[in-house]
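All remarks here apply to the structure that follows.
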Number of protein chains: 2
Amino acid sequence: MNAAEELETVERYMRQRGYRWTSQRKLIAEVVFGTHEHFNAEELLEMCRGVDNQVSRATVYRTLAMLESAGFVEGLDTGEGGKRFEHILGHAHHDHMLCQVCGKILEFQDAELEKRKEAIARAQGFRLLSHSLKLNVECLDPGCEGRFGRTRPEEPSAHE
Amino acid sequence: MNAAEELETVERYMRQRGYRWTSQRKLIAEVVFGTHEHFNAEELLEMCRGVDNQVSRATVYRTLAMLESAGFVEGLDTGEGGKRFEHILGHAHHDHMLCQVCGKILEFQDAELEKRKEAIARAQGFRLLSHSLKLNVECLDPGCEGRFGRTRPEEPSAHE
DNA sequence: GTTACTGCAAAGCGTTTGCAATTAT
DNA sequence: ATAATTGCAAACGCTTTGCAGTAAC
């Protein structure tokens, strides 16, 4: 699925529900599906303003919320305040590792893990709608240094 | 580990680091370790004020942050704005299911899942510090109705 | 023409902070 | 006595909202 197809999917979704396909929504969707980075709302606004500096913050927030509730975009709580988003249309589900030292986000997929999550929900009689797994890790990159203002996270506490 | 022992552990932790064991911190810790519910900061404040209505919001937030970074308490993003907390001192690690309809939080443990998470991080060469898994489900309780203002979550979108 | 959407600025909400007074050590 | 902690209220950062004007249908 390429960016053009993704845009069409979004447009179709909007029109089917009686929402209008405005120039702003189109621009925002283009930017969202055109980047493969994780971005927050403010960064998305800046990227959009790079193309058309009339777009308002409110519209970016409103459109992002639609894309998220439609399941086209997913938010990840990184603990920095606010969420970071990524588009997931046309991408296989994946989970995240978040380096606690430098803030880097890594993606991974694991079929066994997915199966297990499904099985657990089913075993308890629930329907699994979605899920999010975040592994907080310490990454070993050479450039990994305190974007969060500290050099190493606190040792996992062993008070018991 | 009972509540008294948990309090002692917290007190010891504080004193060892040169923090003072004030009446407010003691009260807050008593309330935190005395409840087995998930609570948010505001609810904790109210519970504390039930005992001593002089406690300030600022102190509750400050103490809660200490307890969290010490690893005595864990926060869970429920998507309602703000986090819900639970004390984990003396409790085995568990993950959460969150009913998208009524907001109910369910806990579960799964050894196989835990092993797999460890293995994944290790395989990529990272040290796993902590992790959080949240399964968003639809619960089947009779009383399960729209605490979130809707009756059923949106169908998982099948646009592809 | 009708109705949804936009941009703006103000308000909202949970949380954090500066500071003078208080309290634990 | 000293230095950490408290309560207060103001500020904060991110997000949402009311409204009058604008654009999609």
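Excluded from the calculations below are hydrogen atoms, water molecules and symmetry mates; all remaining heavy atoms, backbone and side chain alike, are included. Below, chain A is the first sequence line, B the second, and so on; all start at residue 1. None of the values given here were measured: they were computed from a predicted structure.
The side chain to side chain donor-acceptor pair (under 3.5 Å) check on B/Glu86 picks up B/His38, B/His94, B/His96, with sequence neighbours excluded. Scanning for salt bridge (Lys or Arg N to Asp or Glu O under 4.0 Å) contacts around A/Glu107 gives an empty result, with sequence neighbours left out. Evaluation of the side chain to side chain donor-acceptor pair (under 3.5 Å) rule for B/Arg116 yields A/Asp110 as partners, not counting sequence neighbours. Residues satisfying the side chain to side chain donor-acceptor pair (under 3.5 Å) test with A/Ser130, not counting sequence neighbours, are B/Asn136. Residues forming a side chain to side chain donor-acceptor pair (under 3.5 Å) with A/Glu46 (at least two apart in sequence, or on another chain): none.
Here the CD atom belonging to B/Glu74 is positioned 13.0 Å from the CG atom belonging to B/Leu67, to the nearest 0.5 angstrom. Considering CZ of B/Arg20 and CD of B/Glu11, their distance stands at 14.5 Å, rounded to 0.5 Å.
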Which protein N or O atoms sit under 3.5 Å from an N or O of nucleotides 12-14 of chain C?
none

Under 3.5 Å donor-acceptor pairs involving side-chain atoms of residues 51-62 of chain A, not counting sequence neighbours:
| from | atom 1 | to | atom 2 | distance (Å) |
| --- | --- | --- | --- | --- |
| A/Asp52 | OD1 | A/Gln54 | N | 2.8 |
| A/Ser56 | OG | A/Thr59 | N | 3.1 |
| A/Ser56 | OG | A/Thr59 | OG1 | 3.1 |
| A/Arg57 | NE | A/Glu42 | OE1 | 3.3 |
| A/Arg57 | NH2 | A/Glu42 | OE2 | 2.6 |

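Residue pairs satisfying the ring-ring contact (aromatic ring centres under 6.0 Å, His included) criterion with at least one member in residues 102-124 of chain A, sequence neighbours excluded, are absent. Residue pairs meeting the ring-ring contact (aromatic ring centres under 6.0 Å, His included) criterion with at least one member in residues 114-136 of chain A, sequence neighbours excluded: A/His93-A/His131.
End-to-end axis angle for the helix from C/dG1-D/dC25 to C/dT25-D/dA1, using five pairs per end and rounding to 10°, comes out at 30°.
Nucleotides of DNA chain D that come within less than 4.0 Å of any heavy atom of chain B span, from the 5' end to the 3' end, D/dA3 to D/dC8.
None of A/Glu68, A/Glu43, A/Glu37 except one satisfies the side-chain contact (heavy atoms from CB on, under 4.5 Å) rule with A/Phe85; the exception is A/Glu68.
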Margin query: Please encode protein proximity along nucleotides 4-10 of chain C as a string of B, S and -, counting only heavy-atom distances under 4.0 Å.
Written below: BSBBB--
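Note on ring orientation: taking the six-membered ring where Trp is involved, the planes of A/Tyr13 and A/Phe72 are perpendicular (angle over 60°, cut-offs 30° and 60°).
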